[in-house]
*Asks:* 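Provided herewith is a single structure, encoded as structure tokens, for subsequent inquiry.
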There are 2 protein chains.
Amino acid sequence: MTARHIVHHIPVCPFSQRLEILLALRGRADAVEFRVVDITKPRDPALLAKTRGTTALPVLETPDGRIVKESLVILRYLDEVLDGPMLRRRDPAEHAVESMLIAREGPFTTAGYLFVMNRDRARRDDHAAKLLSLYRDIDAFLCEHAPRGPFLFDGFGLAEAVFTPVFKRFWFLDYYEGFDLPDGPDYRRVRAWQEACMAHEATGQVTREEIVKLYYDYALGAGNGALVAGRAVSSFAFVPRWQDRPWPPRDKYAGTASDAELGLAV
Amino acid sequence: MTARHIVHHIPVCPFSQRLEILLALRGRADAVEFRVVDITKPRDPALLAKTRGTTALPVLETPDGRIVKESLVILRYLDEVLDGPMLRRRDPAEHAVESMLIAREGPFTTAGYLFVMNRDRARRDDHAAKLLSLYRDIDAFLCEHAPRGPFLFDGFGLAEAVFTPVFKRFWFLDYYEGFDLPDGPDYRRVRAWQEACMAHEATGQVTREEIVKLYYDYALGAGNGALVAGRAVSSFAFVPRWQDRPWPPRDKYAGTASDAELGLAV
């Protein structure tokens, strides 16, 4: 493959980061041109025409102009189309194992996002319990299929590329909800997996500070660049840069800090 | 591949039928031994040990004793491991297109099952509206990627194997809810697709009469072999055979018919 693919994305989005991780692992960062979409502004009509009106990101454009949506579909597509050995396991039974683990990612991600976006303090424990039950399920899966670890197979693979961006987004749960995996045998294996995933050199596209600052509005219940009442600038704004803003307040249930307090006043 | 795989299944289950369709299309019905599980009885401890306590079906056992769960994972696994040309599109971009369509199946199936299991007559229209919105989304997808049709590509393929069993289960919506696709341009393409899928010779594993009779308890809100209050036998029972039972009453909101009226008294 010589022609370049284009991916339209939000740089901090976990569903885009897994594509970047794949490219890093495959040594093919050059194969895709990433074009940044500012979700705090109206969508470019030219891109809307290409996607036929849908706004979910990332979206991939092939060199001949075809559009591929859905993060996991794009991930598997790129893995197939890039030159060189694929990231997925070649053996069909091993690939089935990683696919079973990947099938757990949707409910896991949803549980974490519903938790961070929850606005009812009384429901906090229910959200934590739901997410912990999914962690235990992943723990049991890893104990069955990869008891020694740390990874599902002999190195960082497709399932790790899928989950690691989500683990890193869950920094927002640590910061805004004080959520952490409990000690104890029910979480030992998944904790080791999560730590190995997050420490891997191919996954450094985002930092904890970036996630915590950009996802502040999620912690207030406003996703996808929506504006929180009483504010004029989204925490997802590109300007001012997150590096130049202070850390947001941790207490998400107290209501929003002002644009000025968040360093968002231009 | 010479050794046989085993699939533990409920014969009427849509998530198993798609495996049977794949095998029929690939001309490899001999490659899998199907073992029937009676979900109206306690699960066999030997099978529970193999699945590590989970009860969802189908479950595949490889010739060397490995366990694969999740209908779509099993489907793709079998497609890879069987001798001969795969059902999936070989071209990665075409495969991405069928995968995007397959990604719509989960919400589509869920909407139909929630509809048939709904017990609140006042919520009937909301369920119908939700399902119709998903039909329109599939219609738009097909108009974009396969305007001429009837199939997504030049014949019955992987996406068709995934959806057809669900279309056939939705006979229960026709019978118990009087649900049908409206006429008009918003549904023309998906209607043609659905009709072509359901008419294909590889998809005759179940009949309308079988679906309507076996899923009667779903229409009363009781899934997976659960017993309806006031009844002693599940509509999913193997004995008496569905062929020997009368058609159930259509009005699901009136409460259950008796075991005797349903032909279920042994």
Side-chain angles (χ1 to χ4, degrees), chain A residues 1 3 5 15 49-54 56 59-83 86 88-107 110 136-137 139-145 147 158-159, chain B residues 1 3 5 15 49-54 56 59-83 86 88-107 110 136-137 139-145 147 158-159:
Chain A
M1 199 190 65
H5 287 73
F15 311 114
K50 287 177 182 172
T51 62
R52 305 220 170 188
T54 65
V59 165
L60 177 138
E61 258 185 273
T62 67
D64 60 354
R66 285 184 279 188
I67 296 292
V68 182
K69 304 177 187 178
E70 299 282 343
S71 166
L72 293 178
V73 176
I74 299 171
L75 186 72
R76 289 174 178 274
Y77 166 78
L78 284 174
D79 198 29
E80 288 195 358
V81 81
L82 296 173
D83 293 331
M86 294 171 72
R88 64 154 276 184
R89 305 298 294 182
R90 292 304 296 180
D91 175 71
E94 289 185 357
H95 181 55
V97 170
E98 64 188 356
S99 294
M100 284 191 279
L101 184 50
I102 289 168
R104 286 163 161 78
E105 178 269 331
T110 298
R136 287 194 301 275
D137 174 63
D139 191 278
F141 185 93
L142 292 167
C143 285
E144 177 179 355
H145 294 283
L158 192 66
Chain B
M1 198 192 65
H5 287 73
F15 310 114
K50 287 176 181 173
T51 62
R52 303 218 171 193
T54 66
V59 165
L60 178 138
E61 258 185 272
T62 67
D64 60 354
R66 284 185 281 187
I67 295 292
V68 181
K69 305 178 188 179
E70 299 282 342
S71 165
L72 292 178
V73 175
I74 299 171
L75 186 73
R76 290 174 179 273
Y77 167 78
L78 284 175
D79 198 30
E80 288 195 358
V81 82
L82 295 173
D83 293 332
M86 294 171 73
R88 63 154 277 184
R89 306 298 294 182
R90 291 304 294 181
D91 175 72
E94 289 185 357
H95 181 56
V97 170
E98 65 189 354
S99 295
M100 283 191 279
L101 184 50
I102 289 168
R104 286 162 161 80
E105 178 269 331
T110 297
R136 288 194 301 276
D137 174 64
D139 190 278
F141 185 93
L142 292 166
C143 285
E144 177 179 354
H145 293 283
L158 192 66

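Below, chain A is the first sequence line, B the second, and so on; all start at residue 1.
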*Asks:* Sort out for me which of His95(A), Met100(A), Arg66(A) touches chain B most, counting heavy-atom pairs under 4.5 Å.
*Replies:* Met100(A)

*Asks:* Any ion pair linking Glu144(B) and Lys69(A) (charged N to carboxylate O, less than 4.0 Å)?
*Replies:* no

*Asks:* Considering only heavy atoms and a distance below 4.5 Å, find which of Arg52(A), Glu70(A), Arg76(A) pairs most often with chain B.
*Replies:* Arg52(A)

*Asks:* Measuring heavy-atom distances to chain B, does Asp64(A) have an atom under 4.5 Å in its side chain, in its backbone, in both, or in neither?
*Replies:* neither

*Asks:* Can you tell which part of Asp91(B) gets under 4.5 Å to a heavy atom of chain A, answering side chain, backbone, both or neither?
*Replies:* side chain

*Asks:* Can you tell me which portion of Ile67(B) sits under 4.5 Å from chain A's heavy atoms? Options are side chain, backbone, both or neither.
*Replies:* backbone

*Asks:* List the atom of Ala96(B), the atom of Val73(A), and the distance in Å for their closest heavy-atom pair.
*Replies:* O-CG1, 3.5 Å

